[in-house]
2 protein chains.
Amino acid sequence: MGVTIKKIAADLNLAVSTVSKALRDSYEISPETKMRVFEYAARLNYVPNLYASSLKRRRSGNIAVVLPEVADSFFSSAIDGIEEVAQSRGYHVMVYLTHEDVGREQSIVHEFRNGRVDGVLMSVVANEATYDHLVELGGRDMPLVFFDRVCEGIHSAQVVTDDFESARKATQHLIDRGSKRLAFLSLAGDLAIIRLRQEGYQQALRDNGLDEQKNPVVYCTHTEADNLPLIRKLLQGEHRPDGIVGSVEKVATQTYTVCHELNLSIPTQVRVVGFSHLQIAGLLNPSLTTITQPAFEMGKAAATLLFRGLEEKADVRSEKIIIPSVLVARQSTA
Amino acid sequence: MGVTIKKIAADLNLAVSTVSKALRDSYEISPETKMRVFEYAARLNYVPNLYASSLKRRRSGNIAVVLPEVADSFFSSAIDGIEEVAQSRGYHVMVYLTHEDVGREQSIVHEFRNGRVDGVLMSVVANEATYDHLVELGGRDMPLVFFDRVCEGIHSAQVVTDDFESARKATQHLIDRGSKRLAFLSLAGDLAIIRLRQEGYQQALRDNGLDEQKNPVVYCTHTEADNLPLIRKLLQGEHRPDGIVGSVEKVATQTYTVCHELNLSIPTQVRVVGFSHLQIAGLLNPSLTTITQPAFEMGKAAATLLFRGLEEKADVRSEKIIIPSVLVARQSTA
DNA sequence: CTTATTTACGAAACCGTTTTCGTGGTAAAG
DNA sequence: CTTTACCACGAAAACGGTTTCGTAAATAAG
């Protein structure tokens with residue numbers, strides 16, 4: 001079908017090996033021959049067959065990005081950063097969505113055994129009951145970098161934000177603004193970053209002599225239908241909190257939904273702060289105070305780390321990059 | 001390195017061809033032999049080498065999604081839909097971002113000549129001065145489906161929403177609510193969908209006997225830094241419009257930014273409606289009336305169409321799927 | 001019992017590169 | 001005039017499957 005090295009070789013009265021080397025600019029080939037080959041190849045519009053060379057060279061030029069969803073501003077910005085780095089290095093990005101389903105994550109990771117990708121960037125699902133599939137992935141020679149949602153128990157490169165400290169600061173911020181009774185909207189499952197954020201929240205409670213019983217942690221899920229009643233109940237209870245820390249973007253916006261529904265005024269009756277990367281946080285009603293994660297930078301850092309493991313074949317498994325978030329105070333905590 | 005068909009064949013005293021056929025469940029192989037092969041392969045944890053089979057079978061199992069950006073709720077939802085269909089069919093999704101740069105789009109599309117992907121889903125960049133690269137892509141045997149941002153002049157499958165009619169309805173909605181002086185925030189470049197939306201807007205003007213000069217079309221760009229001054233100027237001019245139609249999500253939210261900045265009240269002084277797929281449109285200040293595009297469904301439809309061209313090798317180039325948007329009236333046009 | 005047909009498998013070509021290993025020829029070194 | 005070094009290239013073996021074609025044995029048909 002297409003024009004192959006073989007055809008070029010035949011037409012030019014050269015051996016295929018010669019043509020191959022010429023195209024790869026090998027020192028073994030004279031400048032004149034290279035020129036002949038280059039020009040003829042260009043004239044025929046020669047495109048090397050990816051699969052032939054991948055087969056031989058045992059690399060695909062693809063990297064995988066595995067994440068729970070893409071309709072979250074954090075993840076979409078992270079993809080943006082990853083794609084930028086990948087494109088600049090001539091790599092291609094494959095995107096896989098787990099939708100918080102361990103089963104999907106397993107089968108996706110399982111697929112990677114066939115060499116379709118040379119490396120993996122990953123934000124794990126929340127309910128990582130078993131992570132054997134990740135152990136197996138890490139055990140292979142394929143570089144693996146976790147970003148944001150890391151899997152503890154796997155010795156692997158990580159790119160995260162300062163979850164504990166950010167959450168502590170956000171909580172302190174609520175307290176400083178006058179909130180007396182707090183609540184932390186956590187996420188069911190067992191995510192390291194969520195646990196850290198939660199601990200940061202609790203640290204702030206202790207720092208201010210607040211009781212952990214009266215300032216609870218509420219475990220939300222990943223589906224709005226579950227969370228709205230949960231948050232509704234929290235805000236309708238007799239001990240209504242007047243300060244809420246959202247561990248992820250979704251629960252913060254869901255809190256807004258409930259507050260609007262219950263006619264609770266933000267920030268007068270309830271202050272809200274949330275981890276989020278929404279560009280339009282400032283346009284919400286009222287504008288939302290956010291712990292803004294460096295999503296784009298985290299994506300870039302993760303990808304860069306991956307390529308260090310990939311191209312310099314360095315062992316980056318002990319690398320841990322922490323990029324701080326910034327608290328952007330807005331109306332919701334005024 | 002890994003376990004190959006060759007090894008299985010040797011260990012089982014079979015020919016490689018026999019093992020290959022057994023694994024592919026060929027009728028040529030007896031049930032007993034198949035069983036032997038299956039079990040042994042499973043025991044050794046055999047994984048077929050993707051590149052060997054891709055080389056021979058001339059298909060990669062990958063599809064490409066080429067789009068301007070991912071940090072837009074429309075596109076991220078579309079990816080979601082695409083990924084769902086692809087995953088269910090055992091295909092893999094490669095994501096390419098053009099960032100509205102024709103040059104990037106060209107080099108991306110150019111890459112597809114090597115067979116890395118079997119088909120392409122695409123939302124073109126706005127400034128498609130020349131689209132030779134798309135002509136060339138469409139000219140090859142590789143299925144191509146445009147979604148949302150189609151490229152006219154290329155005979156190819158399309159999945160779009162009812163842009164003209166939606167824009168007309170949105171404009172009529174503004175007029176019905178009492179707006180007297182309108183403006184349409186368009187997008188520079190030459191996108192078919194933008195032109196259609198603009199024509200829908202102008203149709204509504206004519207339907208209501210409104211003058212096109214006094215109800216202008218303003219051409220925005222893709223960068224906020226350009227648009228804010230533009231919108232600011234529009235809203236500060238002596239003939240300030242009291243009804244704005246945003247052709248894409250970005251310009252609608254940017255209008256919000258400017259209105260907040262200028263202390264213009266929405267909807268009292270300015271009504272705003274925009275094409276958008278934001279889940280949190282209802283939480284904006286004030287909640288934003290949207291023409292909500294069926295992003296997820298469009299992604300699914302586009303992918304499904306692509307697979308029809310891919311697996312049934314049907315010629316889908318004349319297919320055009322139109323999935324209507326819905327106007328969700330909220331506070332911004334009250 | 002002969003002839004056609006089916007069944008189950010093997011040998012080998014092939015997909016398009018890359019890479020190793022030679023080799024004849026020329027130039028430099030001894 | 002040998003020996004040693006390149007130089008520039010070719011032959012052929014990979015890489016790991018898939019596919020075509022051939023064939024021995026078993027079965028069915030005549």
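Note on naming: letters A, B, ... go to the chains in the order of the sequence lines (proteins, then strands), and numbering restarts at 1 for each one.
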Q. Of the non-hydrogen atoms in A:Leu191 and A:Val125, which two are nearest, and what is the gap between them?
A. CD2-O, 3.7 Å
Q: Pull out every residue in residues 20-29 of chain B that has a heavy atom closer than 4.0 Å to any atom of DNA chain C, ordered by number, or say none.
A: B:Lys21, B:Glu28, B:Ile29
Q. Which of residues 36-56 of chain B sit near DNA chain C, with a heavy atom under 4.0 Å from it?
A. B:Leu55, B:Lys56
Q: Examine C:dC15: is either OP1 or OP2 under 4.0 Å from a nitrogen or oxygen in the side chain of A:Lys6? Give yes or no.
A: yes
Find the distance [X]:[atom1] to [N]:[atom2] and express it as a whole number of Å.
X: B:Leu14; N: C:dA11; atom1: CG; atom2: P; result: 11 Å
X: B:Ile5; N: D:dC15; atom1: CD1; atom2: P; result: 14 Å
X: B:Leu12; N: C:dG10; atom1: CG; atom2: C1'; result: 15 Å
X: B:Arg58; N: C:dT17; atom1: CZ; atom2: C1'; result: 13 Å
X: B:Asn114; N: C:dG16; atom1: CG; atom2: C1'; result: 13 Å
X: A:Arg57; N: D:dA14; atom1: CZ; atom2: C1'; result: 15 Å

Q.
Take a 6.0 Å sphere around NZ of A:Lys7 and say whether it holds more than 12 heavy atoms from other residues, nucleotides or ligands.
A. no
Q.
Has B:Ser20 got a side-chain atom pairing as donor or acceptor with B:Val16's backbone, closer than 3.5 angstrom?
A. no
Q. Charged N to carboxylate O below 4.0 Å: is that the case for A:Arg59 and A:Glu311?
A. no
Q) Is a donor-acceptor pair below 3.5 Å formed from side chain B:Thr33 to base C:dA8, judging by atom type as modelled? A) no
Q) Do we see a donor-acceptor contact under 3.5 Å between the side chains of A:Asp148 and A:Ser123? A) no
Q. Quick one: do the A:Asp11 and A:Tyr40 side chains pair a donor with an acceptor below 3.5 Å?
A. yes
Would you indicate what [X] reaches in the nucleic acid, counting non-hydrogen atoms under 4.0 angstrom: base, sugar-phosphate, or nothing?
X: A:Asn13; value: sugar-phosphate
X: A:Thr18; value: base
X: A:Ser30; value: sugar-phosphate

Q. Could you give the distance from CZ (B:Arg317) to CG (B:Leu144), rounded to the nearest 0.5 Å?
A. 10.0 Å
(Q) Quick check for you: to the nearest 0.5 Å, what is the distance between A:Gln293 atom CD and A:Ile193 atom CD1? (A) 7.5 Å
Q.
If you apply the rule ring pair (Phe, Tyr, Trp, His ring centres under 6.0 Å), what do you find for A:Phe112 with A:Tyr96, and how did you get there?
A. CA-CA 11 Å; A:Phe112 295 160; A:Tyr96 296 88; 5.2 Å; yes
